[in-house]
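I have a structure here, written as C-alpha cells, and I will follow up with some questions on it.
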Amino acid sequence: MTYTPFFVEGAARPARWLITCDHATNVVPSFVGGGDLGLPPEDMQRHIAYDVGAFAVSRLLAERLNAPLVASNFSRLVIDPNRGEDDPTLLMRLYDGTLIPANRHADDAEREKRLERCYRPYHAELAKLAARPETIVISMHSFTPQLRGRSARPWEIGILHPEAEAFSPHLIKALQAPGDLCVGVNEPYTGYLPGDAIDRHATKPGRPNALVELRNDLIAESNGQHYWADRLAEVLPRALQAAGL
C-alpha cells in the first residue's frame with residue numbers, strides 16, 4: 001500500500017468547524033528505521049507515541065458536527081506535527097523517561113526527510129482545509145493521567161488557548177457550567193506554544209479555535225469515545241453562540 005501522511009474525512013461537509021488530530025496514530029513509515037523506532041511494542045502503545053483515543057473521538061465528533069476532519073498518520077516520535085520546524089522538541093530523543101533509539105543519532109538529513117515526507121504534507125492539507133470561509137479550528141488531543149515521577153492529573157478535560165483567543169473562554173464556561181467536570185484552563189500544558197499547529201493555522205490567521213485535551217483513560221475505549229464526542233458536539237455550538245462569532 002502507498003503510504004499517506006494524513007487522513008481526511010468529510011472534506012465536503014459544510015459546517016464551519018474543522019476538527020484536527022495532530023497525534024492520531026503510532027504509525028512509523030517504512031522509510032524511517034524500516035518502520036521501527038527501536039522501541040518495544042508496549043511503548044508504541046503509550047502516550048509517548050500518539051494521543052491515545054483522540055483519533056476515534058475526532059472522527060465521531062466530526063461526524064456529529066457535519067465537519068471535515070484532518071489527522072496525521074505518523075507517530076509523534078517520527079516527527080511532531082504540533083511543533084514548529086525550529087522547535088528543539090520537533091524530533092524527540094527522550095520522552096517521559098524513554099530513550100528513542102532510532103532518533104538518538106538522527107542527523108539533519110534524516111530530520112529533513114521526515115519533514116518533507118510526513119510533517120509538511122500534513123500541514124499543507126491542514127492549511128487548505130482551514131482556509132475555508134469562517135473556519136473554526138478544534139484541535140483534539142489526549143493526555144496521560146500521570147507522567148512518570150509526577151503528581152496525578154485531576155482534570156478530565158483541558159482547554160488550551162492564548163490569552164486573547166475569542167472562542168475558548170466561552171467553551172471553558174460551557175464545560176464548567178454543569179459542575180461535574182474538573183476543567184483545566186491551560187492545563188495540563190501551556191496554552192500558547194509559538195509555531196505549533198494551532199498557532200500556525202488558527203491564532204496567527206485570526207481564526208477562532210480551541211485545543212481540547214481529554215484524559216486518555218476516559219477515551220481509551222469505545223463507550224468513552226462516544227460519550228465525549230456527544231458531549232463536545234452539544235457544547236461546542238452553544239459556546240459558539242455565546243461567543244457571537
Query raised in the report: In this structure, are over 12 heavy atoms from other groups packed under 6.0 Å from K173 atom NZ?
Result: no
Report task. Taking atom CG of D108 as the centre, report whether more than 12 heavy atoms of other residues, nucleotides or ligands fall under 6.0 Å from it. Result -> no
Query raised in the report: Which distance, rounded to the nearest 0.5 Å, do you find between the OG1 of T203 and the CG of N209?
Result: 4.5 Å
Query raised in the report: Does the pair R83 and T89 meet the rule for a side chain to side chain donor-acceptor pair (under 3.5 Å), with working shown?
Result: CA-CA 7 Å; R83 297 292 183 269; T89 65; 3.0 Å; yes
Query raised in the report: Tracing side-chain links under 4.5 Å among I, L, V, M, F, W and Y, which residues wind up in one group with L99?
Result: L94
Query - N/O donor-acceptor pair under 3.5 Å between R64 side chain and L60 backbone - result: yes
**Report entry** Gap between atom CZ of R46 and atom OH of Y95 - 0.5 Å precision
**Finding:** 9.5 Å
Report task. Indicate yes or no: at least one non-hydrogen side-chain atom of F167 is less than 4.5 angstrom from one of L236. Result -> yes
Query raised in the report: Is the Lys NZ or Arg CZ of R153 less than 6.0 Å from the centre of F143's six-membered ring, within 45° of the axis?
Result: no
**Report entry** Ion pair check, R114 and E110, cut-off under 4.0 Å
**Finding:** yes
Report task. Take the angle between the ring planes of Y122 and F74 and call it parallel below 30°, perpendicular above 60°, tilted in between. Result -> perpendicular
Query raised in the report: Does atom CD of E163 have more than 12 heavy-atom neighbours, drawn from other residues, nucleotides or ligands, at distances under 6.0 Å?
Result: no
**Report entry** Flag if over 12 foreign heavy atoms under 6.0 Å of CD, Q176
**Finding:** yes
Requested in this report: Flag yes if more than 12 heavy atoms outside E234 fall under 6.0 Å of its CD atom; otherwise flag no.
Outcome: yes
**Report entry** CG/N223: more than 12 non-hydrogen atoms of other groups inside 6.0 Å
**Finding:** no
Query - Contacts of H123 that satisfy side-chain contact (heavy atoms from CB on, under 4.5 Å) - sequence neighbours left out - result: P81, Y119, A197, R200, H201
Report summary line: To the nearest 0.5 Å, atom CG of L175 lies from atom SG of C182 at 12.0 Å
Query raised in the report: Are any of the side-chain nitrogens in R120 or E112 under 4.0 Å away from the carboxylate oxygens of its partner?
Result: yes
Report task. Indicate, with yes or no, if M44 and Y3 share a hydrophobic cluster defined by side-chain heavy-atom contacts under 4.5 Å among Ile, Leu, Val, Met, Phe, Trp and Tyr. Result -> yes
